[in-house]
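I have placed the structure first, in the form of structure tokens, so that the comments after it can refer back to it.
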Amino acid sequence: MDIHLLLNVFVFLLAGCVVVPLAQRFRLGSVLGYLIAGIIIGPFVLGLIGEAEKVMHFAEFGVIMMMFLIGMELEPAILWRLRKQIVGLGGLQVALTALALMVTGVLLGHSWQASLAVGMALALSSTALVMQMLREKNLTHTQVGETSFAILLFQDIAVIPILIIIPLLASSLHLSVLPAAGEHTTSLIAHWPAWLQPVAVVAVIAGVIFSGKYLSRYIFGAIARANLREVFTAASLALVIGVTILMELVGVSPALGAFIAGVVLANSEYRRTIETDIEPFKGLLLGLFFISVGMGMDFTVLMAHPVGLIAAVICVMVVKGLLLFGLGRLFRLDTAPALGLAFGLCQGGEFAFVLLQMIGGLKLIDPEIQKFLVLLVALSIALTPILVAIYGRFIQPMFMSTLPAHYDEIDEHNGVIIAGFGRFGQIVGRFMVSQGVEITVLEKSPEQVELLRKFGSKAYFGDATRLDLLRSAGAEEARLLVVAVDDADSAVEIVKLARQNFPHLKVFARARNRRHAFDLDRAGADYYHRELLDSSLTMARDAMIALGYPKADIERRAKKFRNHDIETLRRSFAFFESEPDMINFARLSREELEGILREDQQDA
């Protein structure tokens, strides 16, 4: 066995396990954690692993798996609904960004061919980075998430014509080193007649669609009947690898091919099982991809041209950001989502590494410029999680607080105000309304407000952490405020605001966990309820009954368990600041609970 290979694997895994949790702890996100880990173990810091380029070729498979899973989450109807954003917004973004960067390159003295080639490469954003951040922040199905996905999807599709255009640009400069397109795409049809190549590509894609729609159910059905989970996992991986190889052989972007295969399988009855099997591999390989990006950062270039490189990174990100913001507004995005789009997609993308390598191989740019541009892309990827964190924590709240006109005018004052109308708040609100209680709903997600109105529920767009909004909602006359927002910090802030300014108001709050309940209690909430307490206890009760235990006994003990848990939670607040005392209290509480249930068993 190759001990060197095992050592490299160990270093990769250890670096990810140590650095990524630290990055998450400081709210930097997992992507930035992987990048930092790659920098640390790369050739320019510790030098534990030096072959970043070879690793990246393997790690790019994580991007392909991600595109496959994204495809499985979308149905053709959703793609049709997003067609204007995909073709219009995505197409304009790529074209205008490439044009702007080409003009910049020409003004700096480079040929228009080289400038256009580099502009097209830098016009692309990082699908892996952006989709990972959207997932982590639960923004995938918001307006920003869907618009970002539409742009990224067009960019992935645009890689195909870009791969064709770049050799033509080199040919126009009469470069004798121009290789055949097939050498870069491993395409078997590169030397076929030009009219026949697109026919072959269409035929292959049609074959993938046909196989996924009509044959996959029989293949996966036969495998499922074997009742061997590892074989099903192997089949899922083989599907993605097979599509990747097939697309490579006809010169199509493997990521696009994987996406098409995922869309075709979106309605398959085996969709969830396939997703579950592939998800761990996707996450691990994506982490490996970002580690390899960090390893590939050539800091000797940064040392040689620090001012020029930093200026170039800022220039590219500002140009892309301004164009994204302008296009977002042109396509009727509100100012805040348009800004989020600009901050999230202003970086270079993973496909830029492939395209820059191709541009350098065709001698359109010098090797030193190629290294410079590769580091530019890597630095822009590394900066994006920081920019998104700054936007979410500082810029967006400040921006929203200065634009009160964006919030709805509230024309009613009711006895109950509900802040946050997601799954938790909706159940509370529906029950109250069914009993004839009039409520005022505040929800800061415009997408959620629009959805609620479509289903006939009345809700007002507004952020309940703002005092003026609570006043306009009638908090001075209301009797009860229900805080059901998703964000734990916002919930605590709302409770503090209500307690300080409306002391008469009863405040009931949704608690995410025991620590959140402690924070709500200190903020002055009259009542808090942990969102998973009843549902998890109900499942435990039903599971015990299903195992054959007497129903009456289990229901009685579950009630005692619940009462004891609520009682000990408030008592535990005295020990929250001391971990040893908290551990000792938890042990004593557990023994106390066991004694209570043992007595109940004896009495029964």
Side-chain angles (χ1 to χ4, degrees), residues 31 35 38 52-53 55-57 59-60 62-64 66-67 90 93-102 104-105 110 113-132 148 151-167 169-170 184-185 253-256 286 289-290 292-298 301 309 312-321 323-324 344-362 364-385:
V31 173
L35 290 169
E53 187 175 342
V55 174
M56 184 173 287
H57 287 316
E60 285 171 357
V63 180
I64 294 170
M66 182 193 67
M67 292 302 295
Q93 183 273 324
V94 172
L96 293 178
T97 304
L99 182 62
L101 295 176
M102 183 193 77
T104 304
H110 300 284
Q113 292 92 337
S115 300
L116 178 57
V118 172
M120 289 189 295
L122 297 182
L124 307 179
S125 304
S126 175
T127 302
L129 171 70
V130 176
M131 294 307 299
Q132 184 83 351
S148 299
I151 294 174
L152 292 168
L153 177 57
F154 183 88
Q155 290 179 357
D156 291 333
I157 297 172
V159 171
I160 302 170
I162 291 174
L163 287 170
I164 298 172
I165 293 171
I166 289 175
L169 292 173
H184 294 279
T185 63
S253 165
L256 177 61
L286 268 181
F289 172 79
F290 288 117
S292 63
V293 171
M295 288 171 55
M297 292 185 181
D298 190 343
V301 177
L309 183 60
V313 172
I314 294 173
C315 176
V316 170
M317 298 185 78
V318 168
V319 167
K320 293 185 71 172
L323 284 172
L324 283 162
L345 273 71
C346 63
Q347 75 292 133
E350 52 274 354
F351 286 120
F353 297 113
V354 179
L355 295 174
L356 289 172
Q357 185 179 12
M358 180 182 186
I359 293 168
L362 293 171
L364 274 167
I365 56 176
D366 295 332
E368 288 303 314
I369 296 179
Q370 180 186 347
K371 290 182 180 179
F372 183 92
L373 292 173
V374 167
L375 185 56
L376 184 156
V377 173
L379 286 175
S380 69
I381 290 176
L383 286 173
T384 302

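Quantities reported herein were computed from a predicted structural model and do not represent experimental measurements.
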Where [X] and [Y] come nearest, the two heavy atoms and their spacing:
X    : Y    : answer
K320 : S125 : NZ-OG, 3.3 Å
A117 : L364 : CB-CD1, 4.0 Å
A123 : A98  : CB-N, 4.0 Å
L309 : F372 : CA-CZ, 3.5 Å
L376 : A312 : CD1-CB, 3.4 Å
L129 : P385 : CD1-CG, 4.0 Å

When you compare the side chain of [Y] with that of [X], does any pair of heavy atoms fall below 4.5 Å?
X    : Y    : answer
T97  : Q155 : no
L373 : I359 : no
I151 : L324 : yes

* To do: Mind checking the CG-CG spacing from L356 to L122? Nearest 0.5 Å is all I need.
  =>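 Answer for the CG-CG pair, L356 versus L122, is 6.0 Å.
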
* When rounded to the nearest 0.5 angstrom, what distance separates CD in Q93 from CG in L345? ->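 Here the rounded value is 7.0 Å.
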
* **Contacts of type side chain to side chain contact (heavy atoms under 4.5 Å, CB included), residue A352, not counting sequence neighbours** =>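 A352: side chain to side chain contact (heavy atoms under 4.5 Å, CB included) contacts with V377.
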
* **side-chain hydrogen bond (donor to acceptor under 3.5 Å, both in side chains) partners of T384, counting only residues at least two apart** =>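 Residues passing side-chain hydrogen bond (donor to acceptor under 3.5 Å, both in side chains) with T384: Q347.
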
* Verdict with supporting geometry, L152 and M131, side-chain contact (heavy atoms from CB on, under 4.5 Å) -> CA-CA 9 Å; L152 292 168; M131 294 307 299; 4.0 Å; yes

* Dump the intermediate steps for side-chain contact (heavy atoms from CB on, under 4.5 Å) on M120 and L169, then the final yes or no. => CA-CA 12 Å; M120 289 189 295; L169 292 173; 4.0 Å; yes

